[in-house]
Amino acid sequence: MRFNLVRKKTFLDILSDVYGLTVYANEGIEDARFFRSLNPLARKLAFNLPMGFYETSEQLRDRWTNGQWEALKKKSLESGVNYSISVLGDAGLGGGVHVAHNPVLSLRGCTHHKQRYKRHHIKNLNTEYNKADRNRIEIVFATTEDELRGFYHVLACQYVREHMMVFQPFELYRRLFAQDFGQLLVAKQDGKVVGGMFLMRDDKVLHYNWGARARIGNVSIGTILIDAAIEHALSAGYDYFDFGSTPLSDDALLRFKLKWGAIDEPVYKYSTLQNQGIMDLNTAYMWPRKLFSFLPIAVAKKLMPIAVPWVVSG
């Protein structure tokens with residue numbers, strides 16, 4: 001399995017612009033391009049991808065066959081810059097730290113999109129669709145920026161009030177959507193966006209990166225959105241549906257993702273000098289997060305282009 005999107009220059013340029021990153025090239029070391037944050041407190045950190053984006057260990061092993069990791073470790077000792085690499089699976093570099101879960105559903109050989117779902121989950125899913133029908137909720141792909149903005153408002157409300165966490169700047173979604181890297185599946189009630197899933201196309205992999213839903217009765221909007229996304233992935237010829245990373249402490253979210261028949265893939269982080277402490281966004285900074293949850297939604301949206309670049313180096 002390969003995540004090729006994270007090797008495409010146009011995609012990486014979007015991440016650089018939105019997150020305030022600079023490219024840190026290493027002369028004399030083949031294929032060793034890293035990012036550094038403009039955050040002055042992170043000047044001694046260099047990383048292969050911002051937090052939450054990964055390539056696979058298979059890709060890294062294929063690319064690095066000329067001792068690049070050992071060369072970077074030597075350069076770290078000379079410069080004091082700590083290089084870190086986060087990948088899906090064990091890259092065999094030694095000293096890796098398990099930092100997140102990342103369930104992936106294989107669709108290879110499937111003749112029906114529900115083929116690998118847990119049996120009791122299929123029954124529950126039928127119940128959710130019945131409730132959605134009674135509440136006049138439909139699932140469609142977004143085609144306009146207005147729909148994207150509708151999704152972003154739902155996402156901002158959920159992240160501020162419920163998750164009490166920072167969320168992506170709107171510009172990231174807008175640019176990925178405009179470049180056709182991203183597509184948005186939305187739930188609508190009487191024409192109004194009440195939920196959505198932002199997906200990213202990546203050759204044979206469809207990534208589920210961000211999702212949100214309003215509370216409409218007792219309908220599990222997120223559940224029917226995932227089912228619709230997996231059905232689309234199979235019909236569109238994808239081999240894998242990537243559920244994205246999950247904090248190690250969030251057992252409930254991990255169990256939910258595994259109900260769909262996904263297999264958990266570990267995310268490992270390797271560092272040339274020392275491994276930084278794991279930032280578990282599910283449990284960290286609870287008091288600041290409680291204060292954050294009282295912010296007006298409009299203010300929170302405006303703060304994200306400033307706040308998010310300070311945390312992406314993770």
Side-chain angles (χ1 to χ4, degrees), residues 1-8 11-21 34-37 39 42 45-57 59-60 84-89 91 96-104 151-152 155-156 158-159 163-177 181-182 184 196-202 205-212 240-250 253-254 257 262 264-271 275-285 289 304-305 307-314:
M1 182 170 57
R2 309 176 74 87
F3 292 173
N4 295 321
L5 184 61
V6 296
R7 302 295 301 164
K8 294 181 179 178
F11 177 77
L12 294 174
D13 286 344
I14 293 173
L15 298 187
S16 296
D17 292 345
V18 173
Y19 293 148
L21 305 176
F34 282 73
F35 287 113
R36 294 178 77 175
S37 172
N39 174 0
L45 300 176
F47 44 94
N48 65 328
L49 288 165
M51 184 171 59
F53 295 96
Y54 313 113
E55 65 178 325
T56 67
S57 56
Q59 290 170 271
L60 188 66
S84 67
I85 296 177
S86 297
V87 294
L88 201 69
V97 177
H98 183 199
V99 295
H101 301 291
N102 198 119
V104 177
F151 159 72
Y152 191 67
L155 180 142
Q158 185 174 351
Y159 269 71
H163 298 329
M164 299 182 290
M165 292 169 58
V166 297
F167 50 96
Q168 301 290 347
F170 178 74
E171 185 67 4
L172 178 65
Y173 298 112
R174 189 193 67 77
R175 291 185 62 177
L176 292 174
F177 192 65
F181 291 135
L184 176 63
M197 286 180 62
F198 198 91
L199 308 165
M200 287 201 302
R201 301 181 177 96
D202 189 0
V205 182
L206 185 63
H207 300 277
Y208 166 26
N209 287 85
W210 304 280
Y240 301 98
F241 184 83
D242 170 28
F243 278 87
S245 63
T246 304
L248 294 179
S249 64
D250 201 338
L253 181 57
L254 178 61
K257 292 179 177 180
D264 184 27
E265 299 283 352
V267 178
Y268 284 100
K269 185 173 183 177
Y270 304 87
S271 300
N275 282 308
Q276 302 163 255
I278 300 173
M279 172 74 76
D280 189 334
L281 296 179
N282 186 50
T283 57
Y285 304 118
R289 288 169 59 189
M304 290 309 100
V308 171
W310 281 73
V311 300
V312 293
S313 60

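Just so it is clear, the structure is predicted and the values come from calculations on it, not from any experiment.
- The only option from D264, L253, D250 that meets the side-chain contact (heavy atoms from CB on, under 4.5 Å) definition with H101 turns out to be D264.
- Once rounded to the nearest 0.5 Å, the distance linking CE of M165 with CZ of R289 reads 6.0 Å.
- Residues satisfying the side chain to side chain contact (heavy atoms under 4.5 Å, CB included) criterion with A100, sequence neighbours excluded, are Y54, S245, V267.
- Annotation: the span from E265 atom CD to M1 atom CE amounts to 4.5 Å, rounded to 0.5 Å.
- Between H98 and Y268, the ring planes are tilted. Angles from 30° to 60° get that label.
- Screening F167, W210, Y208 against F198 for a ring pair (Phe, Tyr, Trp, His ring centres under 6.0 Å) leaves a single residue, W210.
- Side-chain atoms of K257 come within 3.5 Å of backbone atoms of F243 as a donor-acceptor pair (strictly under, hydrogens ignored).
- At least one donor-acceptor pair under 3.5 Å links the side chain of Y152 to the backbone N or O of F170.
- For the atom pair CD of E171 and CD1 of I14, the computed distance is 9.0 Å after rounding to the nearest 0.5 Å.
- In this structure R175 satisfies the side-chain hydrogen bond (donor to acceptor under 3.5 Å, both in side chains) test together with D17, sequence neighbours excluded.
- Aromatic ring orientation, F35 versus F47: tilted (interplanar angle from 30° to 60°).
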Determine whether F53 and M200 satisfy the following criterion, side chain to side chain contact (heavy atoms under 4.5 Å, CB included), listing intermediate values before the conclusion.
CA-CA 11 Å; F53 295 96; M200 287 201 302; 3.8 Å; yes
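- The side chain to side chain contact (heavy atoms under 4.5 Å, CB included) test applied to P305 returns P169, not counting sequence neighbours.
- Looking at residues two or more places apart in sequence or on another chain, you find a side chain to side chain contact (heavy atoms under 4.5 Å, CB included) between A91 and S57, L60, V87, L93, Y270.
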Starting from the C-alpha separation in whole Å, work towards a yes-or-no answer on side chain to side chain contact (heavy atoms under 4.5 Å, CB included) for L184 and Y173.
CA-CA 9 Å; L184 176 63; Y173 298 112; over 6 Å; no
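- Although no hydrogens or angles enter the test, the distance criterion places a donor-acceptor pair under 3.5 Å between the side chain of Q59 and the main chain of F3.
- Shown here are the side-chain hydrogen bond (donor to acceptor under 3.5 Å, both in side chains) partners of D202, two or more places apart in sequence or in another chain: H207.
- Taking Q158 as the reference, E162, H163, A212, R213 meet the side chain to side chain contact (heavy atoms under 4.5 Å, CB included) condition, with sequence neighbours excluded.
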